[in-house]
2 protein chains.
Amino acid sequence: MAPITIWLVEDNVRYRNALAGVINRAERMACSQAFSRCEEALDLLQQTPPPDVILLDIGLPGISGIQGLEKFKQIAPTTYIIILTVYDDNDKVFNALCAGASGYLLKDSTPEKIIAAIDEVLAGGAPMNMQIAHKVLEMFTRFKPAQTDYGLTEREREILQQLVSGLTKQQIADKLYISFHTVNTHCKNIYSKLHVNTLSGVISKAYREHLI
Amino acid sequence: MAPITIWLVEDNVRYRNALAGVINRAERMACSQAFSRCEEALDLLQQTPPPDVILLDIGLPGISGIQGLEKFKQIAPTTYIIILTVYDDNDKVFNALCAGASGYLLKDSTPEKIIAAIDEVLAGGAPMNMQIAHKVLEMFTRFKPAQTDYGLTEREREILQQLVSGLTKQQIADKLYISFHTVNTHCKNIYSKLHVNTLSGVISKAYREHLI
DNA sequence: GACAAAATACCACAAATGTGCGATTGTCCT
DNA sequence: AGGACAATCGCACATTTGTGGTATTTTGTC
């Protein structure tokens with residue numbers, strides 16, 4: 001059985017070598033390339049078949065790991081990419097996952113965990129440290145419709161929907177077969193209920209608080 | 001050391017009893033209550049101290065597990081809630097996590113995994129099955145800013161930012177110490193680059209395409 | 001049937017927006 | 001030196017918005 005091919009992108013030489021050693025000592029795994037910068041890996045990826053897995057540091061010199069991740073995914077969409085980094089701030093995690101990372105490990109992970117993570121992505125999983133998984137779930141709660149109830153009526157929500165979609169009052173009137181004046185009145189009521197007094201305020205509030 | 005108190009909400013009697021047995025046989029854990037419906041658990045939660053962890057099925061008779069979850073969180077925000085269910089469709093997972101679940105296990109999990117999951121939430125983790133974790137990461141890729149590049153300049157992005165925040169052109173001019181006319185010109189250019197011709201259109205596009 | 005809430009409609013006027021022009025200044029690149 | 005681009009400022013004018021009113025008709029509920 002062909003071994004699982006793995007590339008490393010990591011600028012710390014000692015850590016890179018240690019990691020390559022760990023991988024090569026594992027059964028059925030081969031660290032076939034190791035780079036210190038994304039650019040080098042991207043160059044080679046253009047010319048040779050992609051590996052099964054890339055272990056990627058973020059916080060590299062040159063182009064950022066996140067940007068690199070996006071480019072890797074463009075060139076080799078089926079290669080699994082596992083982030084391996086010291087950064088655990090929400091933004092980094094969020095952006096990496098949005099860009100298509102298949103896993104996110106912190107550098108304090110033991111060699112066994114890293115090997116297990118590689119097996120896990122290939123089995124269709126998504127390896128993460130405990131604290132990363134926790135952050136990830138926390139991020140979801142932010143999408144929760146906070147749903148302050150401003151007491152909008154059915155019709156008012158409908159008008160709001162149309163405003164958000166970019167129509168003018170006159171266009172809304174035409175679309176809903178009611179007069180301009182009616183739309184205007186509804187707008188007045190919406191504005192007063194949402195405590196705003198400009199169209200931009202209404203729309204921003206609608207988006208930010210998921211009223212639509 | 002006081003045992004970890006756990007409540008079960010699960011309508012299948014046999015599974016419920018089996019699970020309670022598993023938990024009670026574990027060290028330092030006690031399944032102090034078991035319910036077949038959310039309503040009962042909610043009633044008791046109003047009257048007695050909350051448990052450390054609730055294992056919650058979704059797909060119950062009466063109010064849905066998701067709604068129940070929200071109410072549990074309102075009454076006892078610090079109690080960890082782990083979803084334990086047969087459902088693995090994106091919507092259920094997404095809604096449960098948005099509502100504040102601390103973990104999501106499928107019912108094919110072994111007793112050991114379930115016990116380990118309880119330990120994991122208490123240690124600040126977020127236990128998930130492999131396939132759930134994978135789904136979760138997939139959901140993130142959907143938030144990826146599609147990032148059409150409209151070629152906005154630095155200044156134009158700044159003006160756009162202010163528009164989105166709800167300021168009028170005059171207010172923006174005052175804030176950035178430039179004349180109303182300049183802001184107006186920038187707006188004209190933004191409108192033309194984004195192919196819109198109303199303020200609402202600009203703001204909606206900015207939100208929808210994550211230009212801000 | 002009485003009552004409240006919601007939806008409808010109208011007017012008037014100040015304020016803000018959208019869009020057509022043109023123009024100057026500074027910076028960067030070749 | 002010249003060209004491209006960004007940022008700045010200006011004017012005029014039609015359109016749209018925001019806000020103060022008032023008023024009628026549906027609709028649902030007790």
Side-chain angles (χ1 to χ4, degrees), chain A residues 39 62-64 67 145-212, chain B residues 145 147-212:
Chain A
E39 288 87 334
I63 71 169
S64 82
Q67 285 174 291
Q147 289 303 30
T148 324
D149 186 8
Y150 291 101
L152 295 183
T153 69
E154 188 77 36
R155 196 58 154 173
E156 282 161 0
R157 273 193 298 274
E158 197 177 356
I159 304 276
L160 174 58
Q161 177 68 57
Q162 301 298 328
L163 282 176
V164 166
S165 81
L167 301 185
T168 65
K169 293 175 182 177
Q170 186 58 60
Q171 288 170 325
I172 296 174
D174 294 344
K175 187 164 179 180
L176 300 183
Y177 303 109
I178 54 182
S179 90
F180 169 84
H181 302 291
T182 305
V183 177
N184 202 29
T185 303
H186 283 310
C187 286
K188 275 188 267 189
N189 294 332
I190 293 171
Y191 280 31
S192 121
K193 285 181 182 178
L194 297 195
H195 308 299
V196 293
N197 55 1
T198 60
L199 182 52
S200 45
V202 168
I203 298 182
S204 287
K205 200 150 190 167
Y207 272 103
R208 274 201 274 266
E209 306 193 11
H210 300 93
L211 301 176
I212 37 116
Chain B
Q147 283 305 28
T148 325
D149 185 9
Y150 291 101
L152 294 183
T153 68
E154 186 79 6
R155 196 57 154 173
E156 283 162 0
R157 273 194 299 274
E158 195 177 356
I159 303 276
L160 174 59
Q161 179 66 59
Q162 301 299 328
L163 281 176
V164 167
S165 80
L167 301 185
T168 65
K169 294 175 182 177
Q170 186 57 61
Q171 287 171 326
I172 296 174
D174 294 344
K175 187 166 180 180
L176 301 183
Y177 303 108
I178 54 182
S179 90
F180 170 84
H181 302 291
T182 305
V183 177
N184 201 29
T185 302
H186 282 309
C187 285
K188 275 187 264 189
N189 294 333
I190 293 171
Y191 279 33
S192 124
K193 285 181 182 177
L194 298 195
H195 309 298
V196 294
N197 57 359
T198 59
L199 182 52
S200 46
V202 169
I203 297 182
S204 287
K205 202 150 190 167
Y207 272 103
R208 273 201 276 266
E209 307 193 13
H210 300 92
L211 302 177
I212 37 119

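The chains referred to below are lettered A, B, ... by the order of the sequence lines, with proteins before strands, and numbering in each begins at 1.
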* Structure fact -> Closest of D:dG10, D:dG18, D:dA7 to the B:His181 side chain is D:dG10
* Of residues 188-204 of chain A, the positions that come close to DNA chain C - non-hydrogen atoms, cut-off under 4.0 Å -> none
* If you measure only the distance, is there a donor-acceptor pair under 3.5 Å linking the side chains of A:Glu156 and A:Tyr150? -> no
* Asked: Under 3.5 Å, side chain of A:Ser204 to main-chain N/O of B:Ser165, donor-acceptor pair present?
  -> no
* **Expected output: side-chain A:Lys205 to main-chain A:Val196 donor-acceptor under 3.5 Å** => no
* To do: Compute whether any side-chain donor of one residue and acceptor of the other, for A:Ser179 and A:Thr182, lie under 3.5 angstrom apart.
  => yes
* Structure fact -> Nt span of DNA chain C in reach of chain A heavy atoms at under 4.0 Å, 5' end first, is C:dA6 to C:dC11
* To do: Please state whether the rings of A:Tyr207 and B:Tyr207 are parallel, tilted or perpendicular, taking 30° and 60° as the class boundaries.
  => parallel
* Structure fact -> For A:Leu160 and A:Ile190, the nearest pair of non-hydrogen atoms, with its separation, is N-CD1, 4.0 Å
* Asked: Considering heavy-atom distances to DNA chain D, does B:Asn184 or B:Gly151 have its closest nucleotide positioned more toward the 5' end?
  -> B:Gly151
* Asked: On a plain distance test, is the side chain of B:Thr185 in donor-acceptor contact with the base of D:dC9 below 3.5 Å?
  -> yes
* To do: Please name the pair of heavy atoms, one in A:Tyr191 and one in A:Thr198, separated by the smallest distance, quoted to 0.1 Å.
  => OH-C, 3.7 Å
* For D:dA7, take OP1 and OP2 only and decide whether either is under 4.0 Å from a side-chain N or O of B:Thr182. => no
* Taking all non-hydrogen atoms of both residues, which atom of B:Leu167 and which atom of B:Lys175 are closest, and how far apart? -> CD1-CD, 3.8 Å
* **Heavy-atom pair of closest approach, residues A:Val164 and B:Arg208** => O-NH2, 4.4 Å
* Nucleic acid contacts of residues 156-180 of chain B, taken as heavy-atom distances under 4.0 Å to DNA chain D -> B:Ile178, B:Ser179
* Nearest atoms (heavy-atom pairs only) where A:Lys169 meets A:Cys187 -> CE-SG, 4.1 Å
